[in-house]
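Here the structure comes first, spelled out in structure tokens, and everything after it is commentary.
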Amino acid sequence: MARHLITSAIPYINGIKHLGNLIGSQLPADLFARYQRARGHEVMFLCATDEHGTPAELAAAKAGKPVDEYCREMHAIQSEIADGFRLSFDHFGRSSSPQNHRLTQHFAGRLAQAGLIEEVSEKQVYSNADGRFLPDRYIEGTCPNCGYDKARGDQCENCTIQLNPTDLINPRSAVSGSSDLEVRETKHLHLRQSAMKDKLDQWIDSQVDWPVLTTSIAKKWLHDGDGLQDRGITRDLDWGIPVKKGDQDWPGMEDKVFYVWFDAPIEYIACGGEWAEAHGKTDADWERWWRTDKGADDVRYTQFMGKDNVPFHTLSFPATIMGSGEPWKLVDYIKSFNYLNYDGGQFSTSQGRGVFMDQALEILPADYWRWWLLSHAPENSDSEFTWENFQASVNKDLADVLGNFVSRVTKFCRSKFGEEVPAGGDYGPQEQALIDDLTRRIRAYEAHMDAIEIRKAAGELRAIWVAGNEYLQSAEPWAKFKTDPDAAAAVVRLSLNLIRLYAVLSQPFIPDAAATLMTAMNTDDDSWPDDVEQALSALPAGHGFAVPDVLFRKITDEEREDWQTRFSGTRDG
RNA sequence: GGGCCUGUAGCUCAGUUGGUUAGAGCAGUCCGCUCAUAACGGAUUGGUCGCAGGUUCAAGUCCUGCCGGGCCUACCA
């Protein structure tokens, strides 16, 4: 039995995420976690909310709430929606947890001891009206290059030129609009990533089987220009993890907090501690996943994320772990995704464009979304959601191919033999051919799932569903029943077993439908079909079952058009 | 500006280290079946593989240039 540690990129606390965020990390991670559990492996699947940073403070202020209260509420909401999508986290933690406070401060202390932290004095823009330092992109002004009057302090969106806030003409706060700004001197800690450049480079080079998307982004950062740059890991904010050197104060760093991108990945580890606390476990119970000196040496760690998160996971976080000099578990495989676009443009949280997770669940059950998103996962390039494609795929794959198969088999059996697995007849060459075909296909399905080739796995699963229809068509139990009821009984017996098999194989993709099928088949035998012939005899003659309700209803043209209109504009406040 | 990814049938995509007549699903057309959510099965139409050169006995695959789409470029996270 292997041990799989799986983490999904942690979603930012600021609002409800859209379907592009979902397919970019949490959903594929859940698919992999469910699959590995189904194969009988031990899995620890962790996710959390990323709660610190300027956007969280501003969102809380806008909502008129203290930031900790705002985060607590948003965590509860995101957690509930994650449940709605059947994301099977072992724990859904919070980067603001006490565990993460301690661990982040611990890492900073270790890095300082190792000489990998440098104190740097820099100039930052301070807004007197807002009473806070502002990140570069929260300063607006006129672009000195093209004259665009809403250029941001880091870059002009109009002419794409790189800027410093001080380059802007008539700079103002993007928060309040105030032009009462001044440049202040402030001291920050930098992580000396440059000192670890060669070590990181060698580590990346040794990962030959990682997706090109992952390694190419890492290489770019390692070798672009002067090579990997040091990175500020502190900020002048109120909300965050106070800067400390382990449990000691850090002179000169009072009133500062760690930068979210320093503490967010550490939350992957801290989340293990939160899991232990929530389940009455000991430190040893989570450390056996995270400390190679305490049992994690046989753990396989896989991370899932969108491409925008790759630099932090391939460079900054490994630098933190390596630099600590302690035996924390490093990632073994990084699966990264491109973006999902929405009907000709981009999904956008800030503009409210596209379908958001809460809205999706309001109009259709999770399985519909899970199937479409996973079978169209943007693995090789950006992909696109259109309502036409969604309707066509869901109706054909889920309703016609899988759902209708279940209907025709269970209803035929009920009308001819009653609601129990019929006895009589023997399996012949046709059945053997089906078993051989399924065996080949299931082995291919496993190979794709092991390699996290999601679209290929979905295609193979669909082909496995199709094989059932092909078999029924050629076996013709409705014709056989008239001349040789025993022969028809054998076909139906096999087909009913096929339904249980489909439930087991499909569960990682469509867990609710799988559960419905298991209940209808009146079984809790969810063992993986290592031996297909044996798996198809799990339900013996005489075993009772129930005809389930329609497994997947079809999306009508009217609904599609309605949704197309409803989601064409921006999300209501 | 620089870097990376990408352009294959009407649509969504596969095409391993270059190797026969380029594949799948959907849509279309025809046929079959009637157990079923008017579902299922079989067959079939459809592509000068973005364009132009080059290397090679052989190029969708390698090289060069051009055209189109996308992403990243380090203080949003």
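Remember, predicted model here, so these are calculated numbers, not experimental data. Numbered from 1 within each chain, the chains take letters A, B, ... in sequence-line order.
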Please report the distance separating the P of B/C75 from the corresponding atom of B/G19, rounded so that it comes out in whole Å. 45 Å
Closest to the A/D400 side chain, choosing from B/A74, B/C40, B/C75: B/C40
Considering only residues two or more places apart or on different chains, which pairs with a residue in residues 456-471 of chain A satisfy salt bridge (Lys or Arg N to Asp or Glu O under 4.0 Å)? A/D397-A/R462, A/R441-A/E460
Choosing from B/C4, B/A77, B/C75, which nucleotide comes nearest the side chain of A/Y12? B/A77
Quick check: closest heavy atoms across A/F317 and A/I266, and the distance to 0.1 Å? CE1-N, 3.9 Å
For a quick check of understanding: with a heavy-atom distance under 4.0 Å over all strands, which category does A/T410 fall into, base, sugar-phosphate or nothing? nothing
Output one line per pair: protein atom, nucleotide atom from nucleotides 68-71 of chain B, and distance, for all N/O pairs under 3.5 Å.
residue, atom, partner, partner atom, Å
B/G70, O2', A/D382, OD2, 2.4
B/C71, OP1, A/Q346, NE2, 2.1
B/C71, O4', A/K307, NZ, 3.4

A/S383 side chain, from C-beta outward: closest of B/C13, B/A77, B/C40: B/C13
Counting runs of three or more consecutive pairs, Watson-Crick or G-U wobble, with each distance below 3.5 Å, where are the stems of RNA chain B? B:1-7 with B:67-73, B:10-13 with B:23-26, B:28-32 with B:40-44, B:50-54 with B:62-66
Taking the minimum atom-to-atom distance to the side chain of A/Q124, which one of B/C75, B/A77, B/U34 wins? B/C75
Check the pair A/E379, A/R455 against salt bridge (charged side-chain N to carboxylate O under 4.0 Å, His left out), reporting the backbone distance first and the verdict last. CA-CA 8 Å; A/E379 290 175 296; A/R455 280 179 305 177; 3.4 Å; yes
Between B/A58 and B/U21, how far is it from one C1' atom to the other, in whole Å? 15 Å
What does A/E57 touch in the nucleic acid at a heavy-atom separation under 4.0 angstrom: a base, only the sugar-phosphate, or nothing? nothing
I'd like to know if A/E388 reaches the base of B/C26 with its side chain such that a donor and an acceptor end up less than 3.5 angstrom apart. no
Side chain of A/N309 only, please: which of B/A77, B/C35, B/A36 is the nearest? B/A77
Check the pair A/W387 / A/W372 against ring pair (Phe, Tyr, Trp, His ring centres under 6.0 Å), numbers first and verdict last. CA-CA 11 Å; A/W387 288 101; A/W372 189 89; 9.6 Å; no
Side chain of A/V466: nearest nucleotide among B/A74, B/C26, B/G41? B/G41
Looking only at B/G41, B/C4, B/A36, the nucleotide nearest the A/N469 side chain is B/G41
Scan A/T54 against the nucleic acid and name what it touches under 4.0 Å (heavy atoms): base, sugar-phosphate only, or nothing. sugar-phosphate
Any idea how A/F133 and A/Y126 line up, ring-wise: parallel (<30°), tilted (30 to 60°), or perpendicular (>60°)? perpendicular
Enumerate the salt bridge (Lys or Arg N to Asp or Glu O under 4.0 Å) contacts for residues 476-503 of chain A, please, sequence neighbours excluded, ordered by first and then second residue. A/R500-A/D525
For A/G232, which contact category applies under a 4.0 Å heavy-atom criterion: base, sugar-phosphate, or nothing? nothing
Minimum side-chain heavy-atom gap A/C413-A/L496 below 4.5 Å: yes
Which part of the nucleic acid, if any, lies within reach of A/E470 when heavy atoms closer than 4.0 Å are counted: base, sugar-phosphate only, or nothing? sugar-phosphate
Given B/C35, B/U37, B/C76, identify the nucleotide with an atom nearest to the side chain of A/K554. B/U37
For the residue pair A/F417 and A/F481, is the inter-centroid distance of their aromatic rings smaller than 6.0 Å? yes
Need one value for A/G227: base, sugar-phosphate or nothing, where a base atom within 4.0 Å counts as base even if backbone is also close, heavy atoms only. base
Please report, rounded to the nearest Å, how far the P atom of B/U73 is from the NZ atom of A/K219. 19 Å
Using a 6.0 Å distance limit plus a 45 degree cone around the ring axis, check whether A/K554 lies over the aromatic ring of A/F552. no
Can you confirm if the NZ or CZ of A/K307 lies within 45° of the ring axis of A/Y339 and under 6.0 Å from the centre of its six-membered ring? yes
Any A/Y259 side-chain nitrogen or oxygen under 4.0 Å from OP1 or OP2 of B/C76: no
Would you classify A/S216 as touching base, sugar-phosphate or nothing, given that sugar-phosphate means primed atoms plus P, OP1 and OP2, and contacts are heavy atoms under 4.0 Å? sugar-phosphate
Which part of the nucleic acid, if any, lies within reach of A/L213 when heavy atoms closer than 4.0 Å are counted: base, sugar-phosphate only, or nothing? nothing
Specify the separation, in whole Å, of atom CZ of A/F262 and atom C1' of B/A77. 17 Å
May I ask you to verify if any side-chain N or O of A/R455 is less than 4.0 angstrom from the OP1 or OP2 atom of B/A14? yes
For A/F405, which contact category applies under a 4.0 Å heavy-atom criterion: base, sugar-phosphate, or nothing? nothing
Students often get this wrong, so: under 4.0 angstrom with heavy atoms, is A/V550 touching a base, only sugar-phosphate, or nothing? base
Could you tell me how far B/U17 sits from B/U61 if I compare only their P atoms? Round to whole Å. 13 Å
What are the residues of residues 479-492 of chain A, sorted by number, that bring a heavy atom to within less than 4.0 Å of RNA chain B? none
The test is side chain to side chain contact (heavy atoms under 4.5 Å, CB included); show your working for A/K256 and A/R235 and say whether it passes. CA-CA 6 Å; A/K256 294 183 193 291; A/R235 290 289 183 274; over 6 Å; no
Quick check on B/C26: is either OP1 or OP2 less than 4.0 Å from any side-chain nitrogen or oxygen of A/R462? yes
Distance check: side-chain N/O of A/R231 vs OP1/OP2 of B/C75, anything under 4.0 Å? yes
Inspect the surroundings of CG in A/D557 and state if more than 12 heavy atoms from other residues, nucleotides or ligands are less than 6.0 Å away. yes
Could you label the plane-to-plane angle of the A/H313 and A/W261 rings as parallel, tilted or perpendicular, counting under 30° as parallel and over 60° as perpendicular? perpendicular
Checking A/D167 now: which residues fulfil side chain to side chain donor-acceptor pair (under 3.5 Å) with it, not counting sequence neighbours? none
Please classify the nucleic acid contact of A/H223 as base, sugar-phosphate, or nothing, using heavy-atom distances under 4.0 Å. nothing
B/G3, B/U37, B/A77: which one has an atom nearest the side-chain heavy atoms of A/P55? B/A77
When you check the phosphate oxygens OP1 and OP2 of B/G15, does a side-chain N or O of A/K456 lie under 4.0 Å from one of them? yes
The side chain of A/F412 is closest to which nucleotide in this list: B/U12, B/U37, B/C35? B/C35
